[in-house]
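Worksheet: one structure, shown below.
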Amino acid sequence: MEYRRCSSCIPESGALTGYYQPGQLSPGFLASLLLLPLLLFHPGLGLAKAELCFLVTIWNMLQVSHECPVDKEELGRSTWTFLHTMTAYLPEKPSPQEQDKLSNFFQIFSRVYPCAECSQDFQKDIEKHPPQTKTRKQLCKWLCEAHNRVNVKLGKPKFDCSLVDERWRDGWKDGSCD
């Protein structure tokens, strides 16, 4: 898999920029916590490939310009970014063990999400529409459809799920992420 630098992911300098406010958990701790599921599915891969973009995405999510706790909207945007990025870089065909881990991840995630209303809603959605973990493409489509169901409830436009790889993995075909 060849790594592509996306302008929304890596600053032009290639450096990780930004800061976090005193009193917040350290970015390294949070990034490693969020990186854990990815490492479960990519044993032995170095960070020189797709994982770099994932780490930078997590780092950028932690760059909060104020000292207040995140609101529901900011939490939601960051969460969807994390979930879509995580699924975009999974193996094309997860092993049966990885498929189980992915299903378990979404089950646990739906229970620990820090917005009670959102958590309960996602649990109900997973009951009706269980995660499709046989292939990366199926899981990306499942997640996109779950996200679209939330968007409809919030009165937001649906995303074209045929574009998930362009949006979350490869960059737009017009070259704007090159």
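Residue numbers count from 1 along this sequence. None of the values given here were measured: they were computed from a predicted structure.
Judged purely by distance below 3.5 Å, without hydrogens or angles, the side chains of Gln123 and Ser119 pair a donor atom with an acceptor atom.
Between the side chain of Gln120 and the backbone N or O of Cys118, no donor-acceptor pair lies under 3.5 Å. Side-chain N or O atoms of Asp170 include none that pairs as donor or acceptor with a backbone N or O of Glu166 at under 3.5 Å. In this structure, Ser110 contributes its side chain and Gln107 its backbone to a donor-acceptor pair below 3.5 Å. Listed for the Ser78 side chain is no donor-acceptor partner under 3.5 Å among the backbone atoms of Leu75. Under the 3.5 Å distance criterion, the side-chain polar atoms of Glu127 are left unmatched by any main-chain donor or acceptor of Lys124.
Within 6.0 Å of atom NZ in Lys153, more than 12 heavy atoms from other residues, nucleotides or ligands are found, so the atom counts as buried in its surroundings.
Note that OH of Tyr113 is 11.0 Å distant from CG of Asp121, once rounded to the nearest 0.5 Å. Taken to the nearest 0.5 Å, the SG atom of Cys144 stands 12.5 Å off from the CG atom of Leu83.
Residues Trp142 and Phe106 place their aromatic rings such that the two centres sit under 6.0 Å apart.
Across every non-hydrogen atom of Asn148 and Phe159, the tightest pair is OD1-N, 2.7 Å. Residues Glu98 and Lys93 come closest through the heavy atom pair OE1-O, 4.5 Å.
Residues Lys134 and Gln99 meet the side-chain proximity criterion, which asks for heavy atoms closer than 4.5 Å. When side chains are defined from C-beta on, Asn151 does not count as touching Pro157, because their heavy atoms never get closer than 4.5 Å. When side chains are defined from C-beta on, Tyr89 counts as touching Arg169, because their heavy atoms get closer than 4.5 Å. Counting heavy atoms from C-beta outward, Arg111 and Phe122 have side chains that stay 4.5 Å or more apart. When side chains are defined from C-beta on, Thr135 does not count as touching Glu92, because their heavy atoms never get closer than 4.5 Å. Proximity of Leu139 to Pro131: side-chain heavy atoms (C-beta onward) are separated by under 4.5 Å at one or more points. Inter-residue side-chain proximity for Thr133 and Gln138 is flagged as unmet; no heavy-atom pair is nearer than 4.5 Å. You'll find the side chain of Val152 reaches within 4.5 Å of the side chain of Lys158, heavy atoms only.
The pair Lys156-Glu73 does not count as a salt bridge, with every side-chain nitrogen at least 4.0 angstrom from each carboxylate oxygen. Remark: Asp165 engages Arg136 in a salt bridge, criterion side-chain N to carboxylate O under 4.0 Å. A salt bridge links Glu117 with Lys72: the closest approach of a Lys/Arg side-chain nitrogen to an acidic carboxylate oxygen falls below 4.0 angstrom.
Linking Ile, Leu, Val, Met, Phe, Trp and Tyr whenever their side-chain heavy atoms come within less than 4.5 Å puts Leu163 and Trp168 in one cluster. Hydrophobic clustering (side-chain heavy atoms under 4.5 Å, transitive across Ile, Leu, Val, Met, Phe, Trp, Tyr) keeps Met86 apart from Val112.
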Kindly determine whether Cys140 and Cys161 satisfy disulfide (SG to SG under 2.5 Å), including the steps that lead there. CA-CA 8 Å; Cys140 288; Cys161 292; over 6 Å; no
